[in-house]
Amino acid sequence: MKPIIGISGDIAPDPQERTGGRRICLNWNYAQAIVDAGGVPFIIAPQADMSVIGLLIDGWLIPGGNDIDAARFGEANHEKVELQEPARYEGEAKLLELLDKDVPVLGICYGCQFLNVARGGNLIQHLPDVVNHESHAGGTREIYAIGESKLRAATGVETIEGKSYHHQAVKELGSSLIAVAEAADGTIEAIEATDRPWMIGVQWHPERTREDPATRRLFESFVAAARQYAESKRLAGAR
């Protein structure tokens, strides 16, 4: 059985203005990583009825995006912030609220930050102000696992080569979240939930290194957890 993996669709301007000024979009690599791992990608429209989506999907991938409005964690926006369209965050927040806690969730970049903010945490709004460099904004870096974690079990390694494209990062952790990986400068690079079977957020972009063995194992672990959830759902329905 191939599990259905919902992937949040992003919102982008429509340059031809034929769709009310906006369009739903998704980077190809996210869907391909799910297919490679044995899942079926399903793009979630931000305006969808999330109570229906929550029943359809066996796993949820939250991909990268722009910056979350700092008002959501009680701050004014930094001058460098490029705001994410609010409809996306609002749809995802509703889905997170409604989703069965046993559904596996993988957040990537914005997705990692979303999980933290949605659970009451906050963000460093502009990393260069804190770490005094801009190397997180592009390129490959080493990611170091912190202790035993679902992330380390999934990837099978202590050090991951990851591609980073961000200027924000997790600051204070949200409810029932722990940091499980960091960069050499101390920036939190991965979080996971202690109150769910499989919820991981990574700050780097594993979909851009799909051929890397550790990356493949991460997506395979995610899809395997979704497959297990789908099977448990099927068995429960057969009773």
Side-chain angles (χ1 to χ4, degrees), residues 5-13 22-31 33-34 41 43-48 50 53 59-73 75 77-78 80-97 99 104-128 134 136-139 141 143 151 162-174 177 179-181 183 187-193 199-209 215 218-219 222:
I5 307 298
I7 308 177
S8 300
D10 206 349
I11 303 169
R22 295 185 292 179
R23 58 192 174 91
I24 298 168
C25 60
L26 179 71
N27 185 298
W28 180 277
N29 287 352
Y30 293 111
I34 295 304
I43 300 175
I44 303 172
Q47 67 269 51
M50 296 304 171
I53 297 297
W60 181 24
L61 172 59
I62 312 171
N66 286 333
D67 299 322
I68 294 169
D69 190 343
R72 298 190 187 277
F73 48 90
E75 297 180 13
N77 285 306
H78 191 282
K80 298 289 188 180
V81 161
E82 296 183 15
L83 288 177
Q84 177 68 50
E85 282 249 14
R88 175 177 171 185
Y89 183 98
E90 290 160 6
E92 289 168 329
K94 178 59 68 174
L95 180 55
L96 183 63
E97 175 188 345
L99 200 64
V105 179
L106 174 60
I108 294 175
C109 197
Y110 160 96
C112 176
Q113 296 166 11
F114 165 80
L115 291 174
N116 193 57
V117 172
R119 284 187 160 220
N122 61 14
L123 304 175
I124 299 170
Q125 291 198 50
H126 191 56
L127 268 173
E134 297 189 3
H136 288 275
R141 63 178 51 254
I143 312 298
L151 175 69
K163 289 192 174 183
S164 296
Y165 299 90
H166 63 100
H167 78 112
Q168 299 196 333
V170 170
K171 186 179 180 182
E172 295 172 349
L173 290 161
L177 295 174
V180 294
T187 299
I188 293 175
E189 290 283 350
I191 59 175
E192 61 186 46
M199 177 184 277
I200 297 175
V202 299
Q203 187 58 69
W204 72 97
H205 281 268
E207 83 285 356
R208 300 193 185 196
T209 55
T215 291
L218 175 60
F219 282 110
F222 171 52

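Interatomic distance, NZ of Lys80 versus CG of Leu127, reported as 13.5 Å (0.5 Å rounding). Atom CG of Leu151 and atom CD1 of Ile143 lie 10.0 Å apart (nearest 0.5 Å). To the nearest 0.5 Å, atoms CG (Leu115) and CD (Glu92) are separated by 9.0 Å. Rounded to the nearest 0.5 angstrom, His78 NE2 and His126 NE2 are separated by 5.0 Å. Between the CD1 atom of Ile62 and the CG atom of Leu96 there is a distance of 6.5 Å, given to the nearest 0.5 Å. Separation of atoms CG (Leu26) and CG (Leu61) is listed at 8.0 Å; rounding is to 0.5 Å.
Remark: the backbone N or O of Ile11 is not paired with any side-chain donor or acceptor of Glu85 at under 3.5 angstrom. With hydrogens and angles ignored, the 3.5 Å screen pairs a side-chain donor or acceptor of Gln113 with a backbone N or O of Gln168.
Side chains of Val105 and Leu99 form a contact here, defined as non-hydrogen atoms less than 4.5 Å apart. In this structure, Glu172 and Phe73 have side chains that are not in contact, with every pair of non-hydrogen atoms separated by 4.5 Å or more. Side-chain contact between Phe219 and Tyr30 is absent, with no heavy atoms from C-beta onward closer than 4.5 Å. Taking the side chain as every heavy atom from C-beta outward, Ile191 and Gln203 never approach each other to under 4.5 Å. Using a 4.5 Å heavy-atom cutoff, the side chains of Asp69 and Pro86 are not in contact. Counting heavy atoms from C-beta on, the side chains of Ser8 and Pro63 come closer than 4.5 Å.
By the 30° and 60° cut-offs, the orientation of the rings of Trp60 relative to Phe114 is perpendicular.
In this model, a donor atom of one side chain and an acceptor atom of the other lie less than 3.5 Å apart for Asp10 and Gln84.
Of all the heavy atoms in Gly9 and Ile24, the pair that sits closest is CA-CG2, 4.0 Å. Pairing each heavy atom of Arg88 with each of Gly65, the nearest pair is NH1-CA, 3.8 Å. Between Thr215 and Thr209, the closest heavy-atom pair is OG1-OG1, 3.0 Å. The two residues Arg141 and His136 have their closest heavy-atom pair at NH2-N, 3.3 Å. Scanning all heavy atoms of the two residues, the minimum distance from Ala179 to Leu173 falls at N-CD1, 3.8 Å. Annotation for Val81 and Asn77: closest pair CG1-OD1, 4.0 Å, computed over non-hydrogen atoms.
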Dump the intermediate steps for side-chain contact (heavy atoms from CB on, under 4.5 Å) on Met50 and Ile44, then the final yes or no.
-> CA-CA 9 Å; Met50 296 304 171; Ile44 303 172; 3.8 Å; yes
Would you check, one step at a time, whether the test side-chain contact (heavy atoms from CB on, under 4.5 Å) holds for His167 with Glu82? CA-CA 10 Å; His167 78 112; Glu82 296 183 15; over 6 Å; no
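At most 12 non-hydrogen atoms from other residues, nucleotides or ligands lie less than 6.0 angstrom from CD of Glu134.
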